[in-house]
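Working notes, structure below.
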Amino acid sequence: MKSSRAILLAAFAIIAASNAASAQAPSQCNAFIPLRDDAQQKAAAVRAATEHKAERKEVCVLVTRFATAEAAVVKFLETNKTWCGIPDEAVKAAKTGHERTLKFRTVACSEAPAAQPKAPTLSDAIATPSIDSAANTKTGRGTLDTLNGNPLAK
């Protein structure tokens, strides 16, 4: 998640630099700034939620919002790369970061694996204790009886 944000921020920096360098950029390139700010705010909310160990449902909602905002940024980059002078590497990095975000969203929004119940043992099935002790062994006539009693009973 951190690397995808770093890649996205690098793409933002490249675009901001290209926008500052070219004063003749069309007005549609200025629409990138609100998209970038929205994505950064939502990324910060996801980061804060994961640092504070928020519940899975809350993280899922925040990651879904961030993924939507990031998808808008990627779409803008693809659509306006020639008009705004966006390098292909920045678009590729943004796409890679978005794919990582989608994978993280899948993990965050999936149900936590439920604890598997322990399979019953033979002792559970026949309702007898699993360890021999003095309480569950008899002394008397038997193969294991000695002069001193049953060795399992000691």
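Heavy atoms only: backbone and side chains are in, while hydrogens, waters and symmetry mates are out.
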| Contact list for residues 57-67, test salt bridge (charged side-chain N to carboxylate O under 4.0 Å, His left out), sequence neighbours left out | none
| field | Those residues that, when tested against E78, pass side-chain hydrogen bond (donor to acceptor under 3.5 Å, both in side chains) (two or more places apart) | value | K95
| query | If we only count heavy atoms from C-beta on, is the C109 to T64 side-chain gap below 4.5 Å? | reply | yes
| field | Verdict with reasoning, L102 to H98, per side chain to side chain contact (heavy atoms under 4.5 Å, CB included) | value | CA-CA 6 Å; L102 294 177; H98 185 60; 3.8 Å; yes
| said: Taking the side chain as everything from C-beta on, heavy atoms only, tell me whether K92 gets closer than 4.5 Å to P87. | reply: no
| task | Just jot down the side-chain contact (heavy atoms from CB on, under 4.5 Å) partners of T79, sequence neighbours excluded, or say none. | result | K75
| request: Look up atom SG in C29 and atom CZ in F76, then write down how far apart they are to the nearest 0.5 Å. | output: 5.5 Å
| said: If we check side chain to side chain contact (heavy atoms under 4.5 Å, CB included) with F32, which of these qualifies: L77, N80, D37? | reply: L77
| Gap between atom OG1 of T68 and atom CG of D38 - 0.5 Å precision | 9.5 Å
| query | Sequence neighbours excluded, which residues qualify as side-chain contact (heavy atoms from CB on, under 4.5 Å) partners of K81? | reply | I86, D88, V91
| query | Among all residues two or more places apart in sequence or in another chain, which pass the side-chain contact (heavy atoms from CB on, under 4.5 Å) test with A45? | reply | L62
| field | Shortest non-hydrogen contact from A67 toward R105 | value | CB-NH1, 4.2 Å
| remark: Here the pair of heavy atoms bringing L35 nearest to V73 is O-CG2, 3.7 Å
| query | Any idea which heavy atoms bring A108 and R56 closest together, and the distance? | reply | O-CG, 3.1 Å
| field | Straight-line distance of F66 CZ to Q40 CD, nearest 0.5 Å | value | 9.5 Å
| What's the shortest heavy-atom distance between A94 and V74, and which atoms? | O-CG2, 3.6 Å
